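All of these numbers come straight from a predicted model, not from anything done at the bench. Numbering starts at 1 and runs along the sequence shown.
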Amino acid sequence: MKKRSFAATVVAMGLVLIPGVHAKTLEDVLKEKGVITEEDYKEVTRSKPLNYKPGKGFTLTSADEKFQLSLGGRLQTRYTFTDADDNGTSRDSNKIEVKRMKFWLNGYAYTKDLTYLLQVDFVQGGSSKLLEHAYLNYRFVDEAQVLAGQTKVPFGRQWLNSSGSQQFVDRSTASDMFRPGYEAGVKVHGAVAGGIATYELGYYGGAGQSTFRTSNDNAYAARITANPFGKMAYAEGDLDQSEKPLLSVGANYYRNTLQKSTATAFETNNVTLAGSTGWLGKGIGTFTTGEKIDINGYGVDAAFKWLGASAQAEYLLGQADGHTSDKTLRAHGFYAQAGYCIIPKKLELAFRYSFVDPNRDKANDQQVDTQGAVSYYFNKHNLKLQGDITNSHDQSKGRTDDMIYRLQAQVIF
């Protein structure tokens with residue numbers, strides 16, 4: 001007994017003296033050193049009222065374990081320099097910004113099957129985009145769960161992956177142009193056979209993030225994935241150095257109806273694809289003011305990870321049909337990216353190609369981004385420094401080629 005106590009004391013002192021060990025709890029280290037058994041570890045961690053885990057935040061658990069609350073956050077600070085093409089109308093520019101400052105509360109109540117999440121982005125303070133996630137989720141079994149509230153509309157692999165778990169400083173232009181955004185609604189979802197397959201079926205108000213309408217028009221979304229070698233996380237890059245190959249293949253569908261309320265806006269621009277940078281928003285002039293437009297979106301994607309190497313790609317389609325003008329707007333886009341950890345779990349190089357044609361019946365409006373990135377992970381995505389360089393070729397601006405340089409630091413706590 002004295003030997004065990006002495007060993008525990010030595011290990012505890014090591015937590016203070018050895019750099020980097022502080023990321024682990026005392027119980028984690030004691031278990032790894034064999035000082036305590038697996039049963040002891042489970043008992044201690046089970047009854048611990050306050051805990052902290054990097055990336056998960058601070059967690060409070062009631063004595064009877066019927067309630068749990070975790071508090072976490074994410075900060076991204078970014079520097080961007082744009083070297084504008086001399087043939088274009090834009091000028092060189094640079095800016096320093098807090099790109100995201102998010103806080104969240106999540107946990108369970110009364111039973112571990114009833115979970116919740118509340119997340120806000122203070123950078124969007126004062127706007128309808130302040131509130132992002134706000135939902136309850138009840139798990140009957142892993143294969144059948146019901147979520148009610150506001151969350152991401154399940155359309156697109158890169159969109160569903162957190163902005164804090166990207167290989168590049170941010171998502172691709174293709175993903176941003178086609179994503180619906182956040183929406184309040186009800187979703188049925190589940191994971192089959194331990195994650196070999198997943199599905200999501202959602203019914204939403206259709207007006208977008210923190211926005212509501214009283215019409216009978218609503219939005220629908222569906223997504224399925226197949227993961228033949230086992231469940232694979234959406235987080236980009238293979239920072240876990242997967243010992244076996246992992247593959248995920250997905251497909252999604254989105255349906256909505258929006259009314260063009262003015263010459264330059266829909267009844268809501270909070271559906272991201274209908275905003276000024278979305279494929280539908282860019283083509284708003286196709287339709288007449290006052291008419292309703294049916295929107296259909298389709299997408300397929302695939303991702304792969306193995307031994308520090310990773311790759312993923314998506315192909316996205318959009319079509320909008322006017323009720324009275326009988327006009328149709330068709331768009332498509334895709335991206336493909338790959339990365340490799342040249343220093344396992346620490347230093348990664350990545351390359352991405354993104355293409356978008358927001359109106360397939362219009363010439364000279366395509367955008368092509370060619371990007372390279374380098375990322376250093378101090379603690380996976382929880383603490384990292386990223387830089388990327390983009391050659392953005394935009395035909396709508398007179399076939400300009402702007403060079404964009406970005407550097408971003410991120411901490412998740």
Side-chain angles (χ1 to χ4, degrees), residues 15 19-25 28 45 48 50-61 68-80 96-108 115-125 129-135 137 150-152 157-172 175-176 182 231-242 303 305 308 310 312 339 341 343-348 350 373-388 406-413:
L15 289 174
V21 177
H22 63 277
K24 297 181 180 179
T25 65
D28 291 333
T45 55
K48 197 170 184 178
L50 176 61
N51 194 18
Y52 174 76
K53 187 175 182 180
K56 301 296 183 181
F58 296 90
T59 299
L60 290 167
T61 306
Q68 188 174 92
L69 168 67
S70 294
L71 169 64
R74 169 155 47 96
L75 172 64
Q76 291 180 346
T77 57
R78 181 184 302 180
Y79 171 75
T80 304
I96 301 175
E97 61 182 324
V98 176
K99 184 62 178 180
R100 296 178 177 93
M101 180 65 257
K102 302 190 179 189
F103 277 94
W104 57 78
L105 298 169
N106 68 294
Y108 59 81
T115 56
Y116 62 88
L117 172 62
L118 170 66
Q119 178 176 298
V120 295
D121 185 359
F122 288 130
V123 172
Q124 302 293 339
K129 294 186 177 181
L130 169 65
L131 180 64
E132 294 184 338
H133 296 282
Y135 65 75
N137 185 84
Q150 179 167 286
T151 189
K152 291 181 176 180
R157 177 176 295 273
Q158 196 164 66
W159 162 235
L160 291 176
N161 179 29
S162 167
S163 59
S165 301
Q166 303 289 326
Q167 281 182 305
F168 290 75
V169 171
D170 222 325
R171 298 183 180 93
S172 65
S175 176
D176 284 343
Y182 294 91
K231 184 178 180 180
M232 189 177 82
Y234 274 92
E236 295 179 358
D238 187 21
L239 302 184
D240 293 325
Q241 293 288 121
S242 304
K305 297 180 182 181
S310 62
Q312 71 178 59
C341 291
I343 300 178
K345 302 182 181 183
K346 289 296 182 182
L347 183 63
E348 181 187 46
V374 57
S375 301
Y376 190 85
Y377 302 95
F378 298 91
N379 188 317
K380 296 188 177 180
H381 289 289
N382 300 324
L383 182 61
K384 63 182 179 179
L385 184 65
Q386 294 180 291
D388 61 21
R406 301 185 295 186
L407 180 65
Q408 180 169 280
Q410 172 176 285
V411 59
I412 303 176
F413 54 88

Original post:
Counting distance only, does the side-chain N/O of D238 pair as donor-acceptor with the main-chain N or O of S242 below 3.5 Å?
Top reply: yes

**OP:** Without swapping roles, check the side chain of K56 against the backbone of L71 for a donor-acceptor pair under 3.5 Å.
**Re:** no

Original post:
So, for Y116 and Q68, which heavy atoms are closest and what is the spacing to 0.1 Å?
Top reply: OH-O, 2.9 Å

Original post:
Distance only, no hydrogens: is a donor on one side chain within 3.5 Å (strictly under) of an acceptor on the other, for H133 and T151?
Top reply: yes

Original post:
Is any side-chain heavy atom of N161 closer than 4.5 Å to a side-chain heavy atom of E236?
Top reply: yes

Original post:
So do T61 and N51 actually touch side chain to side chain, heavy atoms under 4.5 Å?
Top reply: no

Original post:
Can you name the nearest heavy-atom pair linking F413 to W104, along with the distance?
Top reply: O-CZ2, 4.2 Å

Original post:
Where is the tightest heavy-atom contact between C341 and L239, given as atom of each residue plus distance?
Top reply: SG-CD2, 3.9 Å

Subject >> Considering all heavy atoms, the nearest Q410-S163 contact >> reply: OE1-O, 4.2 Å

**OP:** Check L118 against A134 and note the closest heavy-atom contact, atom names and distance.
**Re:** CD1-CB, 4.2 Å

**OP:** Evaluate the side-chain proximity of N106 to T115: yes if any heavy-atom separation is below 4.5 Å, no if none is.
**Re:** no

**OP:** Report yes or no: does S70 contribute a side-chain atom to a donor-acceptor pair with the main-chain N or O of G57 at less than 3.5 Å?
**Re:** no

Subject >> Test log, rule side chain to side chain contact (heavy atoms under 4.5 Å, CB included), inputs L105 and L117 >> reply: CA-CA 6 Å; L105 298 169; L117 172 62; over 6 Å; no

Original post:
Of K345, E348, K346, which is the lone residue that meets side chain to side chain donor-acceptor pair (under 3.5 Å) with Y377?
Top reply: E348

**OP:** Indicate yes or no for a side-chain donor-acceptor contact from R406 to the backbone of R78 under 3.5 Å, with no hydrogens or angles considered.
**Re:** no

**OP:** Anything under 30° is parallel, anything over 60° is perpendicular, the rest tilted; go ahead and classify W159 against Y182.
**Re:** perpendicular

Subject >> Nearest-0.5 Å distance that lies between atom CG in D388 and atom CG in D170 >> reply: 9.0 Å

**OP:** Please say which of R100, Q386, K99, E97 ends up in a side chain to side chain donor-acceptor pair (under 3.5 Å) with Q76.
**Re:** R100

Original post:
Heavy atoms, side chains only, cut-off 4.5 Å: are K384 and S375 in contact?
Top reply: no

Subject >> Rounded distance [0.5 Å steps], CG in L50 versus OG1 in T59 >> reply: 8.0 Å

**OP:** Give, for atom CZ of F58 and atom CG of L60, the distance between the pair rounded to the nearest 0.5 Å.
**Re:** 10.0 Å

Original post:
Is any NZ, NE, NH1 or NH2 atom of the basic residue among D240 and K305 found under 4.0 Å from an Asp or Glu carboxylate oxygen of the other?
Top reply: no

Original post:
Between the side chain of H381 and the main-chain N/O of S162, is any donor-acceptor distance below 3.5 Å?
Top reply: no

**OP:** List the atom of D121, the atom of E132, and the distance in Å for their closest heavy-atom pair.
**Re:** CB-OE2, 3.6 Å

Subject >> Approximate separation, where rounding is to 0.5 Å, of S165 OG and N382 CG >> reply: 8.0 Å

Original post:
Does a donor on one side chain and an acceptor on the other come within less than 3.5 Å for Q312 and Q167?
Top reply: no

